[in-house]
Number of protein chains: 2
Amino acid sequence: MSAEPTGDELLTVLGTLANPHRLRVIAALTRERTYVSRLARDLGISRALLQLHLRKLEAAGLVTARLELSPDGKAMKFYEVTPFAYRLTPQAIAAAAPTLSTDDAEKGTR
Amino acid sequence: MSAEPTGDELLTVLGTLANPHRLRVIAALTRERTYVSRLARDLGISRALLQLHLRKLEAAGLVTARLELSPDGKAMKFYEVTPFAYRLTPQAIAAAAPTLSTDDAEKGTR
DNA sequence: TGCACATGCCAAGAAAAGCTAGCAGGTGTC
DNA sequence: GACACCTGCTAGCTTTTCTTGGCATGTGCA
C-alpha cells in the first residue's frame with residue numbers, strides 16, 4: 001500500500017501530517033509508546049487538543065490505539081506509530097493523482 | 001536537503017501538497033511543462049485559482065517558473081516541477097520534528 | 001469523602017485556507 | 001477598432017481547521 005497509494009489515501013496522509021503538533025506526536029511515539037495524558041504533558045498541550053490530533057492520526061492509519069489496564073486498575077489508552085513509508089516524488093504523485101476523487105462521489109471512505 | 005529536511009521545511013512541503021488541486025498540478029507538470037492559461041484549461045479550474053496554487057507550490061520550492069516569449073511575441077509563464085524527493089516514515093519525521101520552530105521565533109524564513 | 005489521575009465528549013470562538021468575481025495590463029490578427 | 005489570447009492583482013465571502021474550556025465518567029488511595 002505504501003508502494004502505490006491511491007490519490008485519496010495520499011491526500012489524507014499529507015493533510016494529516018501537515019501539522020506541527022501531529023509531527024511531534026509521531027516523533028514522540030516513534031521513540032516510545034505512551035498514553036494520552038502523559039503525552040499531553042510531555043508535549044505541553046491540552047489533553048483535549050491532543051485527543052483530537054490523535055483521532056486524526058488514527059483515522060489516517062498512522063497510529064494505532066490500545067486500551068490497557070495499569071497494574072492498579074486504571075484504564076489507559078496507549079498509542080503507537082504504524083510503520084508507514086511514503087515516497088514523495090513528482091513521479092509518485094503523478095501516479096497517484098489520477099485516482100483522486102472528483103469531489104462528487106466518495107462519502108464512506110474516510 | 002531531501003535527505004534530512006528541517007521540521008519547518010517538511011511541514012511546508014506537506015502543507016503545500018495536502019491539496020487535490022496542487023497534487024494534480026504536480027502530476028500535470030511532471031508529464032510536461034506548460035503555461036498558466038493552458039494548465040488552467042486542462043485542469044478545469046479558473047486561472048485565478050490556479051495562480052494561487054502555483055504561487056504556493058513555488059513558495060515551497062516544488063515548482064519553478066520561467067517567463068518566456070512565444071514566437072508571436074506573447075509573454076507566457078512556463079512552470080515545471082522541481083525534482084524533489086522526500087521520505088515519509090516515522091523515523092524521518094522523528095529526525096525532523098526537533099527542528100520545528102516553537103511558534104514564537106521565525107519570521108523571515110518563509 | 002476528598003483528592004489525584006485516567007478516560008471521553010462537545011459547544012463555540014478564533015484562525016487559516018480556499019475560492020470567486022472583477023479589475024488591471026500587454027501583444028497580435030481580422 | 002474589436003476580438004482573442006497572454007499575464008497579474010486583490011477585496012471579500014465561504015468553508016475548513018484549530019483550540020480552548022467546561023463537564024461527565026471511572027479507578028485507587030489516604
Side-chain angles (χ1 to χ4, degrees), chain A residues 8 11-25 33-60 62-79 100-104 106-107 110, chain B residues 8 11-25 33-60 62-79 100-104 106-107 110:
Chain A
D8 291 328
L11 189 57
T12 300
V13 170
L14 289 172
T16 302
L17 290 179
N19 177 292
H21 286 321
R22 292 197 283 268
L23 285 184
R24 289 200 194 92
V25 168
R33 42 172 299 195
T34 3
Y35 56 97
V36 184
S37 289
R38 184 149 113 70
L39 188 52
R41 281 193 295 270
D42 290 354
L43 297 179
I45 63 178
S46 74
R47 233 183 54 255
L49 181 56
L50 176 60
Q51 281 179 320
L52 216 102
H53 288 309
L54 283 172
R55 237 176 274 159
K56 285 208 173 183
L57 286 168
E58 190 175 14
L62 300 176
V63 305
T64 54
R66 201 180 321 184
L67 198 63
E68 298 183 13
L69 292 187
S70 65
D72 56 327
K74 284 181 190 157
M76 300 161 91
K77 198 164 189 180
F78 278 83
Y79 279 88
L100 280 168
S101 54
T102 50
D103 203 29
D104 0 280
E106 203 229 354
K107 298 293 175 201
R110 283 203 180 147
Chain B
D8 291 328
L11 188 57
T12 300
V13 169
L14 289 171
T16 303
L17 291 178
N19 177 290
H21 288 320
R22 293 197 282 268
L23 284 184
R24 289 199 193 91
V25 168
R33 42 172 298 195
T34 2
Y35 55 97
V36 183
S37 290
R38 184 150 113 67
L39 187 53
R41 281 194 296 270
D42 291 354
L43 297 179
I45 64 177
S46 75
R47 230 185 56 256
L49 182 55
L50 176 59
Q51 281 179 321
L52 222 90
H53 287 308
L54 283 172
R55 236 176 276 160
K56 283 207 175 183
L57 286 168
E58 191 175 13
L62 300 176
V63 304
T64 54
R66 201 180 321 185
L67 198 62
E68 298 183 11
L69 292 187
S70 66
D72 57 327
K74 283 179 191 158
M76 299 160 93
K77 197 165 190 179
F78 278 82
Y79 278 89
L100 279 168
S101 54
T102 49
D103 203 31
D104 2 279
E106 204 228 357
K107 297 293 176 204
R110 286 207 177 140

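Chain naming here is simple, since letters A, B, ... match the order of the sequence lines and numbering starts at 1 in each.
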Novice: Between B:Gly73 and B:Ala18, which has a closest nucleotide on DNA chain C that is more 5'?
Specialist: B:Ala18
Novice: For C:dA17, does OP1 or OP2 lie under 4.0 Å from any side-chain N or O of B:Asn19?
Specialist: no
Novice: List the steps, then state whether side-chain contact (heavy atoms from CB on, under 4.5 Å) holds for B:Leu43 with B:His21.
Specialist: CA-CA 8 Å; B:Leu43 297 179; B:His21 288 320; over 6 Å; no
Novice: Please report the distance, rounded to the nearest Å, between OH in B:Tyr79 and P in D:dC6.
Specialist: 15 Å
Novice: Which pair of heavy atoms, one from A:Ser101 and one from B:Arg24, lies closest together, and at what distance?
Specialist: O-NH2, 3.6 Å
Novice: What is the separation between atom CD1 on A:Ile45 and atom C1' on D:dT19, rounded to the nearest whole Å?
Specialist: 10 Å
Novice: Side chains of A:Tyr35 and A:Glu68: closer than 4.5 Å at any heavy-atom pair?
Specialist: no
Novice: DNA chain D: B:Arg41 or B:Arg55, which has the more 5' nearest nucleotide?
Specialist: B:Arg41
Novice: A:Leu52 near the nucleic acid: base, sugar-phosphate alone, or nothing, with a heavy-atom cut-off under 4.0 Å?
Specialist: base
Novice: By nearest atom, which of the nucleotides D:dT10, C:dA6, D:dT20 is closest to the A:Ser37 side chain?
Specialist: C:dA6
Novice: Between C:dG25 atom C1' and B:Lys74 atom NZ, what is the distance in whole Å?
Specialist: 15 Å
Novice: Heavy atoms from C-beta onward define the side chain here; which of D:dT19, C:dC19, C:dC9 lies closest to that of A:Ala48?
Specialist: C:dC9
Novice: For the pair made of CG in B:Leu17 and P in C:dA17, what is the distance, rounded to whole Å?
Specialist: 15 Å
Novice: Is there a side-chain contact between B:Gln51 and the phosphate of D:dC9, meaning an N or O under 4.0 Å from OP1 or OP2?
Specialist: no
Novice: Between atom NE2 in A:His53 and atom P in D:dT17, what is the gap in whole Å?
Specialist: 13 Å
Novice: Look at the side-chain N and O atoms of A:Arg47 and state whether any lies under 4.0 Å from the OP1 or OP2 oxygen of C:dC5.
Specialist: no
Novice: Can you tell me the distance, in whole Å, between the CG atom of B:Leu49 and the P atom of D:dG12?
Specialist: 20 Å
Novice: Name the residue from B:Asn19, B:Leu62, B:Thr64 that meets the side-chain contact (heavy atoms from CB on, under 4.5 Å) definition with B:Leu57.
Specialist: B:Leu62
Novice: Starting at atom OH of B:Tyr35, determine the distance to atom P of D:dG8, rounded to an integer number of angstrom.
Specialist: 13 Å
Novice: What is the separation between atom CE on B:Met76 and atom C1' on C:dG25, rounded to the nearest whole Å?
Specialist: 17 Å
Novice: Would you please confirm or rule out a distance under 4.0 Å between OP1 or OP2 of C:dA17 and any side-chain N or O of B:Lys56?
Specialist: no
Novice: Is there a side-chain contact between A:Leu39 and A:Tyr79, using heavy atoms and a 4.5 Å cut-off?
Specialist: no
